[in-house]
Amino acid sequence: MATVHLRIGDLVWGKLGRYPPWPGKVVSPPKDLKKPRGKKCHFVKFFGTEDHAWIKVEQLKPYHPHKEEMIKINKGKRFQQAVDAVEDFLKKKEKQGGKEQSSEGKGDSKGKKTPTKPLKILEEDDEDLSALKDPSEKPASSMEPISKRLKIVEEDTRSPSIQAADSTAINGSITPTDKRIGFLGLGLMGSGIVSNLLKMGHVVTVWNRTVEKCDLFIQEGARLGRTPAEVVSMCDITFSCVSDPKAARDLVLGPSGVLQGIRPGKCYVEMSTVDPETITELSQVISSRGGRFLEAPVAGSQQVSNEGMLVILAAGDRTVYEDCSSCFQAMGKTSFFLGEVGNAARMMLILNMVQGSFMATIAEGLTLAQATGQSQHTFLDILSHGQMASTFVDQKCQNILQGNFKPDYYLKHIQKDLRLAISMGDTANHPTPMAAAANEVYKRAKALDQSDNDMSAVYRAYIH
């Protein structure tokens with residue numbers, strides 16, 4: 001393959017992390033920004049974003065020769081807006097007689113530098129990555145994530161990677177599977193998952209009980225399935241993400257359900273958080289029709305789902321897990337294979353039990369601070385500087401203090417998960433007293449009509 005020589009000002013298609021090829025322009029880097037050592041790369045400004053990045057030459061293609069190819073394989077409003085921005089740039093350049101009047105990567109007339117600094121992308125085998133690694137890091141276990149990892153370092157914390165809602169460029173380049181993907185359920189979690197599948201170039205057919213929720217995804221390039229059975233019959237791999245065990249069973253066993261579309265070799269992936277018994281039942285009925293089954297519940301929230309940063313816990317058919325590789329990379333930051341069917345359901349319930357109990361304790365601390373005349377804001381400030389500091393704690397406490405309970409993870413769903421975890425403890429004859437206490441607080445919050453609010457609305461159970 002002939003080497004492509006690029007110069008400052010050339011238009012290119014650049015591959016940044018897990019994003020599809022994106023239109024950009026080779027520009028001069030800021031004077032104080034050093035080129036990554038040992039790498040042949042160019043500094044690129046991406047159209048339709050505020051982002052700049054060093055991109056390796058093998059991840060760059062000239063814009064015009066590859067334009068039709070890239071437009072065919074990529075979809076989405078943001079991608080089209082970026083292409084439109086390139087065309088506008090070309091029109092303006094033509095009007096100016098081909099003279100480019102740009103100061104990107106340089107100071108303005110007063111010598112000021114551009115405030116936005118780039119992401120420096122380092123692969124695991126980069127020479128200078130060793131300085132970033134934690135010397136105490138342990139070798140990968142048997143539960144090693146399927147995705148290849150990249151270290152992404154922000155040179156300036158004021159400069160976000162791409163956009164907050166689209167920060168999925170973490171696990172390396174994605175080559176979308178050529179398998180047809182189906183997705184059932186476009187709730188808080190499912191919507192973000194489907195958006196990222198489409199963004200990364202997958203061919204997706206969607207279905208939702210409320211069909212209007214499909215409209216946005218159809219506009220983004222998804223296809224519409226009229227019933228779950230139709231989606232499964234049309235697709236090679238079908239994912240499901242619904243609210244609870246009953247919804248999961250109804251989707252498979254109900255009228256025009258998944259089971260009616262299953263044929264030998266078809267793959268069904270259950271992403272709902274349900275109990276091990278439900279998962280075992282669904283696995284058996286899918287397998288009885290010759291289908292291949294994987295459970296893959298996800299740890300995260302609506303925001304995390306939108307950002308493509310979910311943690312996926314999978315169990316069941318290992319070959320299905322491997323077939324889902326590009327899908328899992330699109331929707332999550334890492335995935336784990338936990339063995340036989342039921343293990344992922346158990347692990348997810350344990351994780352959500354801990355999270356739900358923790359949230360109830362935080363709410364209890366905030367209300368006790370208020371009841372004893374202490375500042376809740378000071379309590380949060382102290383908490384955020386201690387060992388318990390986390391994005392979760394900060395976001396949930398801020399929501400409480402602002403009275404903002406817009407759902408990121410429904411309160412009714414975390415209560416359901418606590419109930420299922422307690423039941424699992426009963427089956428194993430293992431005590432779950434903390435979860436049981438937290439469950440009662442969430443039940444109280446539900447009685448106060450907080451079911452459809454965020455889980456942080458458990459706070460209201462303590463003040464009424």
* Asked: Under 4.5 Å between any side-chain heavy atoms of I362 and C397, yes or no?
  -> yes

* E220 vs S195 side-chain heavy atoms within contact, under 4.5 Å -> no

* Residue pair T273 / H413, side-chain donor-acceptor N/O under 3.5 Å -> no

* Mind running side-chain hydrogen bond (donor to acceptor under 3.5 Å, both in side chains) on D84 and Q80 for me, showing each step along the way? => CA-CA 6 Å; D84 291 344; Q80 186 57 52; 2.9 Å; yes

* Residue that, paired with S272, satisfies side chain to side chain contact (heavy atoms under 4.5 Å, CB included) out of V242, I279, T278 -> V242

* **Lys/Arg N to Asp/Glu carboxylate O, K396 vs D454, below 4.0 Å** => yes

* Main-chain N/O of L186 paired to S191 side chain as donor or acceptor, under 3.5 Å -> yes

* Structure fact -> One should read off an interatomic distance between I312 CD1 and C324 SG, to the nearest 0.5 angstrom, of 9.5 Å

* To do: Answer yes when K416 and D244 have at least one side-chain N-carboxylate O distance shorter than 4.0 Å, and no when they do not.
  => no

* Do Y410 and L188 come within less than 4.5 Å of each other through their side chains, counting heavy atoms only? -> yes

* Asked: Among all residues two or more places apart in sequence or in another chain, which pass the salt bridge (charged side-chain N to carboxylate O under 4.0 Å, His left out) test with K266?
  -> none

* Asked: For S233, does its backbone N or O pair with a side-chain atom of R263 as donor and acceptor, under 3.5 Å?
  -> no

* To do: Would you mind reporting whether F43 and V26 have side-chain heavy atoms less than 4.5 Å apart?
  => no

* Are there more than 12 heavy atoms of other residues, nucleotides or ligands under 6.0 Å from atom CD of Q402? -> yes

* To do: Using the test ring pair (Phe, Tyr, Trp, His ring centres under 6.0 Å), find all partners of Y63 that sit at least two apart in sequence or belong to another chain.
  => W13

* To do: Run the salt-bridge test on E322 and R318 with the 4.0 Å N-O cut-off and return the result as yes or no.
  => yes

* To do: Decide yes or no for V12 and H42: does some side-chain heavy atom of the first lie under 4.5 Å from some side-chain heavy atom of the second?
  => no

* Report the relative orientation of the aromatic rings in Y268 and F293; use parallel for angles under 30°, tilted for 30 to 60°, perpendicular for over 60°. => tilted

* Asked: Quick one: does E295's side chain get under 4.5 Å of V269's, heavy atoms only?
  -> no

* To do: Quick one: pull up CD1 in I237 and CZ in R292 and give me the separation to the nearest 0.5 Å.
  => 7.5 Å

* Asked: Between K61 and E69, is there a salt bridge with N-O shorter than 4.0 Å?
  -> yes

* **Euclidean distance, L401 CG relative to Y459 OH, rounded to 0.5 Å** => 7.0 Å

* Asked: Any salt bridge between K67 and E87, counting N to O under 4.0 Å?
  -> yes

* Which distance, rounded to the nearest 0.5 Å, do you find between the CE of M331 and the OG of S305? -> 8.5 Å

* To do: Specify the closest pair of heavy atoms between G182 and V231, including all atoms of both residues, with the distance to one decimal.
  => CA-CG1, 3.7 Å

* Name the orientation class of the two ring planes belonging to F337 and Y321 (parallel below 30°, tilted from 30 to 60°, perpendicular beyond 60°). => tilted

* To do: With sequence neighbours left out, write down each residue that passes side chain to side chain contact (heavy atoms under 4.5 Å, CB included) with S301, or none if nothing qualifies.
  => Q303, V304, D408

* **From L282 atom CG to S287 atom OG, the distance as rounded to the nearest 0.5 Å** => 10.5 Å

* Considering only heavy atoms from C-beta outward, does the side chain of I55 approach that of K15 to under 4.5 Å? -> no

* E340 and N343: CA distance, side-chain angles, deciding distance, side-chain hydrogen bond (donor to acceptor under 3.5 Å, both in side chains) verdict -> CA-CA 6 Å; E340 64 182 20; N343 282 346; 4.8 Å; no

* Quick one: does T177's side chain get under 4.5 Å of D323's, heavy atoms only? -> no

* Straight-line distance of I181 CD1 to S326 OG, nearest 0.5 Å -> 6.5 Å

* Of all the heavy-atom pairs spanning S283 and V341, show the shortest one and how long it is. => OG-CG2, 3.8 Å

* What are the two closest heavy atoms between L251 and P228, and how far apart are they? -> CD1-CG, 3.7 Å

* Under the 3.5 angstrom rule, does the side chain of T227 hit a backbone N or O of E230 as a donor-acceptor pair? -> yes

* To do: Taking all heavy atoms of M200 and all of A330, pick out the closest pair and write down the distance.
  => CG-CB, 3.6 Å

* State whether a side-chain donor-acceptor pair under 3.5 Å links Y409 with D417. => yes

